[in-house]
Amino acid sequence: MATTSFSGMRGINFNGGGGGMAALVPPLLLVAAAFLLGGAQVEAGDPPFSCGPLSAEASQGCAFCDATLPPAQRAADLVSRLTPAEKISQLGDVAPGVPRLGVPAYKWWNEALHGLATSGKGLHFDAVGGVRAATSFPQVLLTAAAFDDGLWFRIGQAIGREARALFNVGQAEGLTMWSPNVNIFRDPRWGRGQETPGEDPAVASRYAVAFVRGIQGNNTSSSSLLQTSACCKHATAYDLEDWNGVARYSFVARVTAQDLEDTFNPPFRSCVVDAGASCVMCAYTAVNGVPACANADLLTGTVRGDWGLDGYVASDCDAVAIMRDAQRYAASPEDAIAVSLKAGLDIDCGSYVQQHATAAIQQGKLTEKDIDKALTNLFAVRMRLGHFDGDPRSNVYGALGAADICTPEHRSLALEAAQDGVVLLKNDGGILPLDRSAVGSATAIGPNADNGMALIANYFGPPCESTTPLKGLQSYVSNVRFLAGCSSAACDVAATDQAVALAGSADYVFLFMGLSQQQESEGKDRTSLLLPGMQQSLITAIADAAKRPVILVLLSGGPVDVTFAQSNPRIGAILWAGYPGQAGGLAIARVLFGDHNPSGRLPVTWYPEEFTKVPMTDMRMRSDPATGYPGRSYRFYQGKTVYKFGYGLSYSSFSRKLVSVTNMPALSTTILAGLREMMAEEDGASYHVDDIGTYGCEQLKFPVAVEVQNHGPMDGKHSVLMFLRWPNATNGRPLSQLIGFRSHHLKAGEKGNLWFDISPCEHFSRLREDGRKVIDKGSHFLMVDNHEMEIRFEA
Ligand SMILES: *[C@@H]1O[C@H](CO)[C@@H](O)[C@H](O)[C@H]1NC(C)=O
Ligand SMILES: *[C@@H]1O[C@H](CO)[C@@H](O)[C@H](O)[C@H]1NC(C)=O
Ligand SMILES: *[C@@H]1O[C@H](CO)[C@@H](O)[C@H](O)[C@H]1NC(C)=O
């Protein structure tokens, strides 16, 4: 999306109840006014709808009102009744009503990244239905650190319920949510990496499936009612805002077929194929010279064809306009919209298509048929949302209302997600957890200690509550002194003397440092991985002055190079708490004081500052030793790290052991026996996954158990990450690849087995440079920590 309302919001803290946010919300829009023109005769505070006994007479008896027909057929009927001008009016994110048919106005653009947000156009928090806030879950990267797709599903589900509830009370002009963001967090400097589930395609895919199923209502059947519609964005290979003069609007990404297939596209594939997402958004990125929204191979061939998208394709905001203006890909506005709609785009975010489609038709560049195809996809989704079935308050989601937003369950889920995400990075001598009775006085220092904005990051709405780290700390320690130390995370000037004086006077010192949207945000990439401004020197000075080693809590999205803190014995513990959402401060305090045993693990590699030598525009995942290009992510990068992907400590000691499979599967027998082995030059023998076939692939599956034991002293959750390693990393093979993860709660002393289903076709395969999926003949190693199990794959 091209908007960010952040600049207007700096420095604002919430006082609970979301009331502090009211002034920031766009001026009250009388939702009712717009749809009264077209839809049913309803009061302010009612949701818009069409058809049913109470609706405008115009729609009575039309096939599009017949809920027994398939959505696509109903949509086609509606489209066939529209005039050319009415059709064109529907091709922007703000779609007017069609009064003569009783079709209500609609707003396509709504955001729900980590809770209902006001960054789109259709969701309002105001007096109409009395809802003034919604649950703010942690920013996605922190939620990803829990490695728990059950948690991700419940968050999606809660957000979907709140969206339905907001709609039912008349404060939502649309239920198409343009979330989640499942781009791969390719470069640590990316300003929007915080919005994603991290750098690993398997994690991003599983996040996509869990979140989409949750928010849409977990029913992939086209005829079922969608709770809301999810949109996976931004397809594809979008992960740069503005680097060294290269902006996202004009960036031409050079992406290899191999990287596209095994890194950038898998989350989108999972979204569509496994989760049944009803929308995919195309990115600004020009992939190998073709803007994603003009790429017929991607949108029509892959997304709708190969993956079978049942839904619509939306453009990122103004992505069509930039094809002419920034990218110089299209010669005129008419060419830009023609190439997009013909490529498979259904709706443009913006008004560009609405403005120029008439001329494009007159010039013969676009046909009414092209438009009908787009409109049918669009209206079918509105049908599936139940907007043409009469009053939505009588459907299966109809009972949801104001009381279903900011419920105790959703608030505690926001706390749970933040707690489960927090990653303990350093804990020298077991300084944590703290015994609250031993902490007589505390000092909290840092620009992120009492800043409500650091909780909600970007794409937010007014949260139900705003528990900052300072407030969290105050719920454990009565005597807390607070100093921001710097006026913002930029920390151009630091109150070092004052901070040093305060530090020396308290039993314990807590530092809440890190980043903010000033350093990493939409439209803004970082240029350095170090803590900004004077933060580092401030931390060091405070650590020197404090009575005991200090506790450093980092609030940030992307990774920071904190090598100085890792090696400083005056810094006893380091926690990464992401941007932790409305209950984040309490989650942090509960971890610090041992009411929650941390189990989060980093979903991205923490690179050292020297990584910034790598051009952000170099999209290659794989390293190139010949030129010193180091490669990206734990799968390919062999250079120095500050912390590795998957790193995270606990207060308990856990052991994990791969339990050998007694009945080693049929790998060595009949299935492979009949297959030809492909000999690639210099690369040994391999089997083509296509040759093994669906049936063969099913037969090859086998289970593996990991025995996990919590040796104490605390109960706690624990995530097991299982990787595959090849005998070597030549010819583009990853160094290792995550193939599964599971989390599990174990009491101190308890032991349990976690089962993983291994599918060699999926997990042992790799993409060759030519995009073919093969399995090497011979050894493969399953890895959990440093434990390995060899599995030979051959006839
Ligand atoms: C979603 O629905 C499927 C059946 O369609 C079911 O197997 C699965 O357990 C559900 N997922 C959740 C998390 O409820
Ligand atoms: C999904 O929706 C279809 C059609 O409405 C319904 O028949 C089916 O029972 C639903 N499945 C689940 C798991 O809710
Ligand atoms: C790397 O591993 C593959 C597959 O096991 C093998 O065929 C190849 O010979 C190995 N290459 C080197 C250089 O060791």
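Side-chain atoms are counted along with the backbone in the values below, which use heavy atoms only and exclude waters and symmetry mates.
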Quick check against the 3.5 Å criterion: does R635 have a side-chain atom that pairs as donor or acceptor with the backbone of S736? no

Check whether any side-chain N or O of S505 sits under 3.5 Å from a backbone N or O of L502 as a donor-acceptor pair, and report yes or no. yes

Is the ring pair F645/Y634 parallel, tilted or perpendicular, if the boundaries are 30 and 60 degrees? parallel

Do Q535 side-chain atoms and G514 backbone N/O form a donor-acceptor pair below 3.5 Å? yes

Closest contact, heavy atoms only, A438 versus D507: O-OD2, 4.1 Å

Within the side chain of H744, is there an N or O that forms a donor-acceptor pair under 3.5 Å with the backbone of K717? no

Between K426 and A565 (side chain of the first, backbone of the second, donor and acceptor by atom type, cut-off under 3.5 Å), is there such a pair? yes

Does CZ in R548 sit with more than 12 non-hydrogen atoms of other residues, nucleotides or ligands closer than 6.0 Å? yes

Can a donor-acceptor pair be found, under 3.5 Å and without considering hydrogens, that links the side chain of E162 to the backbone of C406? yes

Side-chain donor/acceptor of E520 to backbone N/O of G557, under 3.5 Å: yes

Answer yes or no: are there more than 12 heavy-atom neighbours, outside K547 itself, under 6.0 Å from its atom NZ? yes

Can we call the ring centroids of Y607 and Y637 under 6.0 Å apart? yes

Of V209, I184, D200, which meets side-chain contact (heavy atoms from CB on, under 4.5 Å) against P267? I184

Aromatic ring proximity H780/F764, centre distance under 6.0 Å: yes

Whether D420 side chain and A417 backbone form a donor-acceptor pair below 3.5 Å: no

Taking Y643 for the side chain and T605 for the main chain, is one N or O donor matched with an acceptor at less than 3.5 Å? no

Shortest non-hydrogen contact from S765 toward W726: O-CZ2, 3.7 Å

Run E465 and R411 through salt bridge (Lys or Arg N to Asp or Glu O under 4.0 Å) and show every step you take. CA-CA 9 Å; E465 64 176 278; R411 288 164 183 257; 3.7 Å; yes

Heavy atoms from other residues, nucleotides or ligands near CZ of R154 exceed 12 (cutoff 6.0 Å): yes

Begin with the C-alpha distance, continue with both residues' side-chain angles, and end with the deciding distance and a verdict on salt bridge (Lys or Arg N to Asp or Glu O under 4.0 Å) for R656 and E707. CA-CA 6 Å; R656 295 160 287 256; E707 186 187 279; over 6 Å; no

Mark yes or no for whether D148, through its side chain, and G150, through its backbone, hold a donor-acceptor pair below 3.5 Å. yes

Proximity of W152 and F741 rings by center, below 6.0 Å: yes

